[in-house]
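Notes for the one structure printed next.
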Amino acid sequence: MQLKTLLLFAGLAGTSLASADNDPYLWLEGVDDEEALDWVRAENAATASRLTSSPLFEELYSEAKAILNSSSRLPDIHQEGDWLYNFWRDDKNPRGVFRRIDLTGFASDEPAWEVVIDIDALSAKEDQQWVFKGMNCLPEHPENCLVRLSPGGGDAVVSREFNSISKTFLKDGFFLPLAKGGASWIDADTVFVSTDFGEGSMTESGYPRIVKRWKRGTPLSEAELVYEAGVGSVSASASRLRSAGGDIDLVRDGKTFWTSERYQLIDGTLKHLELPLSATINGAFQGRLIISLKEDWTRGDTIFPQGAVLIADTTALQTGGTGAIEVMIEPDDITVVQSVATTDSTVLVNVLENVRGRIYRYSPGDEGQWHRTLVDFPDNGSLEITSTDDSTGNFYAVYESFTSPPTMYYVASADWQPRKVKSQQPSFDGSKYQTEQYFATSADGTKIPYFVVLAKNAKRDGNNPTHIFSYGGFRNSLTPSYSGSYEDLSGAYGKLWLDRGGVFVLANIRGGGEFGPQWHAAALKENHYRAFEDFEAVAEDLFKRGITSPQHLGIEGRSNGGLLVGATMIRRPDLYGAVICGVPLLDMQRYHKLLAGASWMAEYGDPDIPEEWAYIKEYSPYQNLSSGVDYPAVFFYTSTRDDRVHPGHARKMAARMKELNQEIWYYENMEGGHGGSTTNDQLAYRLALAYTHLWNQLK
């Protein structure tokens, strides 16, 4: 293999890769090719030999495992009927158990959970390393559930019907073989299904383009066609939105990642809904649709503004139809709607106000008016509605901040007052730290907010080891979290980083959704470089404030964030001392040809169009690597079973940097999907590698 690499690079050293035609590492895109896997195993072994033998790694690994497996972690719950369900992993159940408890039992100090599915036992019984991907049941029919399982953790799943009363899979129930897509309940004997129906049934992005209605007891091949999207669409799907005022069957044709055509299915006939392609349907309330606008919508003499949330009769959205469209939420400069949850009598809206969480309750009044009430949660953190009871309006929500562990509250409709139910025990002493919000000025003058978490007695002498996490894409909002990033780490960053003298920074750069659709749109396609400029502005602002300096600054991003740190490392290697680049996009000339990459062209552009490749090539990390440049040391991690972002991105970038004599550490988990891990021990191992990398480079 070494000879092959040398021959391929003969005459190429010192140049950047101009096209895929002269890509010497194209063979690393063979996900399961033995030659590529040999390279992966060799790199994994080299990384392990350099990192895992140190006392520091052993300490970090032990601390991470203890936190990730702690029994005090807050369970992530959702309600199905009278039961609260939770998926739980720990040292005794590494692949996890899906379990349940009633509301009274959950409120007790020592809840007695009932195991519904033991994934470790199921994996052993069926000789398959299953990863649990969720269960959904037909409302009020716990005997009719669909369980989704993935071999290795990828997005492609097997769907199997499950009786949650008897806790058994149905031998002759609904079953879908491994594919992206899935099924959703219409009634006890019928499901909507979008899956791989055979040759020609998938889009260029690798998702289903055909939706069918499948009756129990009939073969899948005889399912009734509902809708067929074009191969150029991203995906097609259908679902039944349930509400107290009537159910609504919707079909969605995802034209791009950000645009969709929507249809209502009425008695077998599709009725086109005249909505902006960019609008999002949040759910149904009393037989009407709740809609979020991502751009201004002119309808007759009325202009509904970008960022507004509407409620509409479906008939008002059909050609020639009549009915009402009302504004439920008016947009403003500081408030961004994060999520909308509906119950039979009220609408719960989770918003960000200057990147701080709020939950409002909306109730219908007279003549299209809506009454808004703030639910009184603690301030200066993030909030998430985790479960609702449709019949009562009661709900559970979780509050957390950078230094406050996740705390679950129960809100009953009798008085709408949050009552603390459970809280995770602290993973570190948050009282020693303070959180500050600053604003950096980007290259075009835009103010970019970022949070800094540091010890109260930290010196501003530029010597603090500092870790920036950011994302900057796909409208994803980064909020204050006890895990630091959006990954659920139960406060591990505090123990592995803050308690050892580190400073943590969360950067809310453009491309995300922290300040609404326009914040995201500002970094789309030809303007994607603005995300990099914003990130670089935050780094330089940290230097000006004396918080850190380049040799002490480490940066991290994953997925689109991996592209972010890869691109800014190439643009400004002088700013950083270390990089963590997780499950990344890096070869932007071929990203649209790899796995789900074609679905992201609405975000980045199409490299096959010369005018669009002209701006993509300016930042594509893989194509812009050059010899003679001293890049910061990089730790790459990915997963062989990631069927969303191709592991070839990280493989090829690492190989190219090694050829250029740059310092890289590489770890590829052989399972894990886009999340990168399927057990807590796997996650702890990767965290220990990453933090060992940061401490070795920055202190």
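Reckoned from all heavy atoms, side chains included, excluding hydrogens, waters and symmetry mates.
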Selection residues 592-607 - residue pairs positive for salt bridge (Lys or Arg N to Asp or Glu O under 4.0 Å), sequence neighbours left out: Lys593-Asp608
Interatomic spacing from [atom1] in [X] to [atom2] in [Y] - rounded to 0.5 Å:
X      : Y      : atom1 : atom2 : result
Tyr667 : Thr638 : OH    : OG1   : 10.5 Å
Trp297 : Leu275 : CH2   : CG    : 5.0 Å
Phe535 : Ile468 : CZ    : CD1   : 4.5 Å
Ile664 : Met653 : CD1   : CE    : 10.5 Å
Leu310 : Ile281 : CG    : CD1   : 11.0 Å
Met601 : Ile616 : CE    : CD1   : 9.5 Å

With a 3.5 Å distance limit and no angle check, can you tell me whether [X] reaches the backbone of [Y] through a side-chain donor-acceptor pair?
X      : Y      : result
Ser205 : Val234 : no
Asp643 : Asp155 : yes
Thr259 : Leu277 : no
His592 : Gly597 : no
Asn624 : Ser620 : yes
Lys180 : Ala596 : no
Tyr666 : Ala654 : no
Ser559 : Gly561 : no
Glu514 : Leu478 : yes
Glu533 : Ser442 : no

Considering only heavy atoms from C-beta outward, does the side chain of [X] approach that of [Y] to under 4.5 Å?
X      : Y      : value
Ser235 : Arg252 : yes
Arg641 : Val31  : yes
Leu289 : Leu241 : yes
Val355 : Ser477 : no
Glu487 : Arg558 : yes
Pro632 : Met569 : yes
Arg358 : Asp379 : yes
Met657 : Phe636 : yes

Plane angle bin for Phe469 and Tyr486 - parallel if under 30°, tilted between 30 and 60°, otherwise perpendicular: perpendicular
Aromatic plane relationship, Trp600 with Phe474 - under 30° parallel, 30 to 60° tilted, over 60° perpendicular: perpendicular
Evaluate whether atom [atom1] of [X] has more than 12 neighbouring non-hydrogen atoms of other residues, nucleotides or ligands under 6.0 angstrom away.
X      : atom1 : value
Asp574 : CG    : yes
Lys658 : NZ    : no
Ile303 : CD1   : no

Is the shortest distance from a Lys or Arg side-chain nitrogen in [X] or [Y] to a carboxylate oxygen in the other one below 4.0 Å?
X      : Y      : result
Asp253 : Arg209 : no
Arg530 : Asp534 : no
Glu29  : Lys652 : yes
Arg510 : Asp444 : yes
Arg572 : Glu540 : yes

Worked check of side-chain contact (heavy atoms from CB on, under 4.5 Å) between Ser639 and His674: CA-CA 7 Å; Ser639 166; His674 194 52; over 6 Å; no
Pi-cation contact, Phe532 with Arg571 (under 6.0 Å, within 45°): no
Run the ring-centre check on [X] versus [Y] and record whether the distance is less than 6.0 Å.
X      : Y      : result
Tyr591 : His649 : no
Tyr691 : Tyr493 : no
Phe635 : Trp665 : no

Donor on one side chain, acceptor on other, [X] and [Y], under 3.5 Å:
X      : Y      : value
Ser677 : Asn669 : no
Lys447 : Thr441 : yes
Asn464 : Thr466 : no
Tyr576 : Thr568 : yes
Tyr263 : Glu261 : no

Where [X] and [Y] come nearest, the two heavy atoms and their spacing:
X      : Y      : result
Ala602 : Leu524 : O-CD2, 3.8 Å
Gly562 : Leu586 : O-CD2, 3.9 Å
Leu698 : His552 : O-ND1, 2.7 Å
Pro305 : Leu293 : O-CD1, 3.7 Å

[X] and side-chain contact (heavy atoms from CB on, under 4.5 Å): which partner among [options]?
X      : options                : result
Val452 : Leu542, Thr548, Thr435 : Leu542
Tyr438 : Ile448, Ile547, Val538 : Ile547
Val453 : Leu506, Thr403, Val505 : Thr403

Candidate pair Tyr604 and Met588, rule side-chain contact (heavy atoms from CB on, under 4.5 Å), full reasoning: CA-CA 9 Å; Tyr604 303 120; Met588 297 304 289; 3.6 Å; yes
side-chain contact (heavy atoms from CB on, under 4.5 Å) assessment of Ile334 paired with Phe515: CA-CA 7 Å; Ile334 64 169; Phe515 294 96; 5.9 Å; no
Residue pair Val309, Ile290: steps toward the side-chain contact (heavy atoms from CB on, under 4.5 Å) verdict: CA-CA 7 Å; Val309 177; Ile290 298 177; 3.7 Å; yes
Salt bridge (Lys or Arg N to Asp or Glu O under 4.0 Å) between Arg356 and Glu353, intermediate numbers included: CA-CA 5 Å; Arg356 292 168 169 84; Glu353 293 180 359; over 6 Å; no
